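Single-structure report; data block below.
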2 protein chains.
Amino acid sequence: MLGMEGDLLKGHLDAIVLAALAGEAAHGYAVIEAIRRRSGGVFNLPEGTVYPALHRLEKAGAVNSDWTTAPSGRRRRVYALTPQGRATLDRHRDVWRAFAEAVERVMADSGGGGGNGGGLGDHPPPLAGAP
Amino acid sequence: MLGMEGDLLKGHLDAIVLAALAGEAAHGYAVIEAIRRRSGGVFNLPEGTVYPALHRLEKAGAVNSDWTTAPSGRRRRVYALTPQGRATLDRHRDVWRAFAEAVERVMADSGGGGGNGGGLGDHPPPLAGAP
DNA sequence: CACTAAGCCTAGCGTCACTAGGTGTCAAGC
DNA sequence: GCTTGACACCTAGTGACGCTAGGCTTAGTG
């Protein structure tokens with residue numbers, strides 16, 4: 001099991017949630033599923049992680065929410081990116097690139113590294129959240 | 001300033017420190033400089049971050065240390081990876097790949113993304129620690 | 001009716017990078 | 001000689017924040 005790996009996405013959660021909303025508005029539960037699906041099952045975030053993040057983002061003005069009633073009759077709170085949220089996402093993306101490249105540079109060399117190469121397209125086990 | 005971005009490397013610090021030691025043994029201060037140099041200045045980690053990490057890694061058996069006296073006459077504690085540490089690094093690398101790919105997948109799409117393209121090779125401002 | 005899935009919410013915990021402060025050595029400047 | 005600054009190490013305490021663990025409601029299914 002890899003679930004024991006600590007808070008890997010500490011500081012990256014906002015970026016991930018915003019990215020999940022970039023394509024189209026969605027309600028909280030759908031955000032969770034979108035993240036799980038898009039990440040290939042790697043990010044299986046519990047509700048207690050995503051809902052507070054959405055509230056935080058709304059308070060910060062990055063998203064706004066509307067209560068709607070789904071065709072099934074259930075009430076949902078649908079979140080959408082604001083223009084400011086889109087800008088925040090862009091900034092997060094830049095920060096992410098810089099961060100990822102930096103980690104890659106530090107890890108590159110050391111002999112063993114690099115060789116890996118492929119690996120894309122698989123469905124690795126979740127790294128976070130596993131109820 | 002980007003320094004305000006929270007604990008981006010929460011959970012990734014061990015991997016970074018281990019990677020910095022993968023090439024050759026080094027003392028704490030040199031580890032800090034190696035990380036800063038290799039990351040292109042992005043990771044400018046304060047001592048209060050790296051020393052506890054090294055102690056933690058030593059207690060975990062991933063590195064061992066030897067007190068030496070530098071030609072300059074100063075006492076240094078030189079850390080080296082143990083075989084177990086090398087295995088830990090490999091595991092961290094795998095976890096990192098999975099994590100990074102997952103984030104990339106979540107961020108990819110949303111229209112704006114992907115287009116960025118270049119940007120590699122620059123020396124962006126530090127994301128963490130800047131005294 | 002019981003039970004599951006959908007859908008939302010929040011108080012509190014635990015982790016861990018970072019702040020802020022401390023020690024001591026060596027070289028250079030005034 | 002005394003201060004400044006780089007080198008080199010250490011640690012107690014703080015704070016942010018993802019996550020656990022709980023609780024709530026409604027719709028479908030047996």
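These numbers come from a predicted model, not from an experiment. Here is how names work: the chains are called A, B, and so on, in the same order as the sequence lines, proteins then strands, and each is numbered from 1.
In this structure, B/R76 reaches the sugar-phosphate backbone alone: every heavy-atom distance under 4.0 Å involves primed, P, OP1 or OP2 atoms, never a base. Within the nucleic acid shown, B/G73 comes within 4.0 Å of sugar-phosphate atoms alone, with no base atom in reach, counting heavy atoms only. Among the atoms of the strands shown, only primed sugar atoms or phosphate atoms (P, OP1, OP2) are found under 4.0 Å from some heavy atom of A/G28. Residue contacts shown for A/T49 include a base, since a base heavy atom lies under 4.0 Å away.
Side-chain nitrogen and oxygen atoms of B/R74 include none within less than 4.0 Å of the OP1 or OP2 phosphate oxygen of D/dC9. For A/R75, no side-chain nitrogen or oxygen approaches OP1 or OP2 of D/dA27 to under 4.0 Å. Under 4.0 angstrom from either OP1 or OP2 of C/dC8 there lies at least one side-chain N or O belonging to A/Y51. Proximity of A/H55 to the phosphate of C/dT10: a side-chain N or O atom is located under 4.0 Å from OP1 or OP2.
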Before giving the answer on side-chain contact (heavy atoms from CB on, under 4.5 Å), spell out for B/R97 and A/M107 the whole-Å C-alpha distance, their side-chain angles and the decisive distance to 0.1 Å.
CA-CA 11 Å; B/R97 299 258 183 248; A/M107 284 195 177; 5.8 Å; no
Kindly indicate, with the supporting measurements, whether the criterion side-chain contact (heavy atoms from CB on, under 4.5 Å) is fulfilled by B/H27 and B/Y79.
CA-CA 6 Å; B/H27 61 283; B/Y79 293 89; 5.6 Å; no
For B/F43 and A/V103, run side-chain contact (heavy atoms from CB on, under 4.5 Å): C-alpha distance rounded to whole Å, both residues' side-chain angles, the deciding distance at 0.1 Å, then the answer.
CA-CA 9 Å; B/F43 296 141; A/V103 173; 3.8 Å; yes
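One can place CG of B/L9 at 14 Å from P of D/dC17, the figure rounded to the nearest angstrom. When rounded to the nearest whole Å, the span between NE2 of A/H12 and P of D/dG18 equals 10 Å. Rounded to whole angstrom, the span from the NZ atom of A/K10 across to the C1' atom of C/dA17 amounts to 9 Å. Atom P of nucleotide C/dA17 and atom CD1 of B/I35 are separated by 12 Å, given to the nearest angstrom. For the pair B/H27 NE2 and C/dG24 P, the computed distance is 20 Å after rounding to whole Å. What separates OH of B/Y79 from P of D/dA8 is a distance of 14 Å, to the nearest Å. Remark: C1' of C/dA5 and CD1 of A/I32 are 13 Å apart, rounded to the nearest angstrom. Rounded to a whole Å, the CG atom of A/D14 is 12 Å from the C1' atom of D/dA16.
With distances taken from any side-chain atom of A/D7 to the nucleotides D/dC7, C/dG7, D/dG18, the minimum falls on D/dG18. The side chain of B/P46 approaches C/dT19 more closely than any other nucleotide in the set D/dA8, D/dC17, C/dT19. Nearest to the side-chain atoms of B/Y29 among the listed nucleotides D/dT11, D/dA8, C/dT10 stands D/dA8. Closest contact between the side chain of B/W67 and the listed nucleotides D/dA16, D/dC10, C/dC18 involves D/dC10. When distances are taken from the side chain of A/E47 to each of C/dC16, C/dC9, D/dT11, the shortest belongs to C/dC9. Of the candidates D/dC9, C/dC9, C/dT15, the closest approach to any side-chain atom of B/R77 belongs to D/dC9.
For the pair B/D14 and B/R56, the minimum side-chain heavy-atom distance is below 4.5 Å.
Where A/S72 and B/G48 meet DNA chain D, the nucleotide closest to each residue was compared, and B/G48 sits on the side nearer the 5' end.
Aromatic ring orientation, A/F99 versus A/H12: tilted (interplanar angle from 30° to 60°).
Checking side-chain atoms of B/S39 against main-chain N and O of B/I35 turns up a donor-acceptor pair under 3.5 Å.
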